[in-house]
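Single-structure report; data block below.
These values consider heavy atoms only, across backbone and side chains, with no hydrogens, waters or symmetry-generated copies. Here the structure is a predicted model, which is why all the values come from computation and not from measurement.
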Amino acid sequence: MVRKWYFYTSLAIIIAFLSAGFKPLKIESNQWFLIKNPDGVRYLYPSLELEEYTNLNIPFTGNLFIGFKEALAFKESEGKYKTINSLGYMGKYQFGTETLRSVGIYDSSLFLKSPRMQERAFVALLSKNKWILQDIIKKYNGTVVNGIVVTESGILAAAHLGGAGSVKRYFRNNGNVSIKDAYGASIRSYMKAFGGYDTSLIVANVNAVVSRN
């Protein structure tokens with residue numbers, strides 16, 4: 001009897017000791033993520049302090065085309081393929097029905113369901129606008145118009161917002177005209193925000209359409 005009592009008492013002590021080693025660290029509950037740096041200083045992310053992000057390992061696209069299209073998509077829809085805004089513009093890049101038809105897409109429902117089709121539509125529209133605006137690009141690329149350094153990617157982004165015709169009108173007036181969409185975004189603001197990206201891989205083609213394959 002004594003042996004059994006001794007055995008079970010010892011077992012209970014061992015279990016209690018091991019359990020204590022696995023107790024979770026108690027920290028204040030909040031919406032941020034808590035991490036530690038090598039010096040033991042705690043930081044909370046997301047943070048309101050920009051400098052706290054300087055050493056984080058996050059993707060960096062530089063001026064690559066993928067950076068251009070994802071930055072523009074985030075501005076348009078936060079990068080969401082199934083978004084439809086209050087004016088009926090659809091998808092990740094916010095296409096209207098007329099623009100979709102111009103690149104060979106007539107089924108809006110299918111377009112919304114297909115990320116692949118949306119990506120192809122975006123490239124096709126860039127190709128079409130690059131052909132339509134080739135003279136503007138050649139003349140103004142690298143120049144300063146109304147305080148903005150003009151680049152090919154900025155011109156293409158502006159055309160995505162307001163159409164190639166609006167971009168031509170903007171340059172005919174030397175940038176001294178306010179051209180905005182229904183939500184207040186301007187040709188000039190897109191020219192500035194999306195300038196400097198590498199869009200050289202886009203082939204100018206007035207007949208660009210989305211392949212059904």
Side-chain angles (χ1 to χ4, degrees), residues 59-83 89-108 110-146 148-172 174-175 179 181 185-213:
F60 178 67
T61 60
N63 72 336
L64 299 178
F65 177 72
I66 188 172
F68 170 72
K69 75 183 189 72
E70 293 304 325
L72 185 56
F74 188 83
K75 175 67 175 177
E76 294 291 299
S77 69
E78 295 186 345
K80 298 174 182 177
Y81 286 106
K82 296 184 178 181
T83 295
Y89 287 83
M90 300 170 285
K92 181 177 177 180
Y93 302 100
Q94 294 292 277
F95 277 78
T97 54
E98 290 300 320
T99 305
L100 284 178
R101 292 191 183 100
S102 75
V103 293
I105 297 174
Y106 299 90
D107 189 333
S108 298
L110 179 61
F111 173 76
L112 272 176
K113 295 176 183 177
S114 174
R116 184 179 184 182
M117 185 180 291
Q118 292 187 35
E119 297 295 341
R120 289 183 172 184
F122 179 64
V123 171
L125 183 60
L126 289 176
S127 293
K128 190 178 293 288
N129 283 333
K130 188 169 182 176
W131 189 91
I132 295 171
L133 296 168
Q134 57 185 312
D135 291 339
I136 297 290
I137 293 171
K138 183 177 181 179
K139 181 177 180 179
Y140 291 100
N141 187 38
T143 67
V144 177
V145 176
N146 194 17
I148 302 296
V149 177
V150 179
T151 64
E152 180 179 285
S153 64
I155 290 173
L156 293 177
H160 186 85
L161 174 72
S166 294
V167 173
K168 288 184 176 182
R169 180 185 166 206
Y170 178 87
F171 283 103
R172 278 199 306 268
N174 200 33
I179 304 175
D181 71 359
S186 69
I187 292 287
R188 184 178 185 274
S189 69
Y190 268 51
M191 200 91 62
K192 180 179 180 181
F194 304 107
Y197 288 96
D198 182 5
T199 51
S200 61
L201 60 82
I202 299 298
V203 178
N205 180 7
V206 70
N207 298 313
V209 294
V210 175
S211 170
R212 295 184 179 181
N213 298 331

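- Taking CG of Leu156 as the start and CD1 of Ile136 as the end, the distance is 12.0 Å to the nearest 0.5 Å.
- When every heavy atom of Lys128 is checked against every heavy atom of Val103, the shortest pair comes out as CE-CG1, 4.2 Å.
- Leu72 is listed as a side-chain neighbour of Tyr190, based on a closest heavy-atom distance under 4.5 Å.
- At least one donor-acceptor pair under 3.5 Å links the side chain of Ser127 to the backbone N or O of Val203.
- Side-chain contact between Thr151 and Asn141 is present, with at least one heavy-atom pair separated by less than 4.5 Å.
- Looking at every heavy atom in both residues, Ser77 comes nearest to Gln94 through CB-NE2, 4.1 Å.
- Tyr106 is not listed as a side-chain neighbour of Leu100, based on a closest heavy-atom distance of 4.5 Å or more.
- Within a 6.0 Å radius of NZ in Lys75, no more than 12 heavy atoms belonging to other residues, nucleotides or ligands are found.
- Going from atom CG of Leu126 over to atom CG of Asn205 covers 12.0 Å, rounded to the nearest 0.5 Å.
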For the pair Tyr170 and Met191, evaluate side-chain contact (heavy atoms from CB on, under 4.5 Å) and give the outcome as yes or no after the intermediate values.
CA-CA 11 Å; Tyr170 178 87; Met191 200 91 62; 3.7 Å; yes
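- When each of Glu78, Glu70, Glu76 is checked for a side-chain hydrogen bond (donor to acceptor under 3.5 Å, both in side chains) with Lys92, only Glu70 meets the rule.
- Under a cut-off of 6.0 angstrom, the local environment of NZ in Lys192 is sparse, with at most 12 non-hydrogen atoms contributed by other residues, nucleotides or ligands.
- The ring-ring contact (aromatic ring centres under 6.0 Å, His included) test with Phe95 is passed by exactly one of Phe111, Tyr89, Phe122: Phe111.
- Put simply, the side chain of Glu98 reaches to within 4.5 Å of the side chain of Arg101, judged on heavy atoms.
- Within the 4.5 Å cutoff, the side chain of Val167 has no heavy atoms near those of the Tyr140 side chain.
- No hydrogens or angles considered: a donor-acceptor pair under 3.5 Å links the side chains of Tyr93 and Glu119.
- We find the CD1-CZ distance between Ile148 and Arg188 to be 4.0 Å, quoted to the nearest 0.5 Å.
- Taking CZ of Phe68 as the reference point, atom CD1 of Ile202 lies at 8.0 Å (rounded to 0.5 Å).
- Side chains of Met90 and Gln118 form no contact here, defined as non-hydrogen atoms less than 4.5 Å apart.
- Residues Asn174 and Val145 are in side-chain contact: their nearest non-hydrogen atoms beyond the backbone lie under 4.5 Å apart.
- The NZ atom of Lys138 sits 15.0 Å away from the CG atom of Leu133 when rounded to the nearest 0.5 Å.
- Counting heavy atoms from C-beta outward, Lys69 and Val123 have side chains that stay 4.5 Å or more apart.
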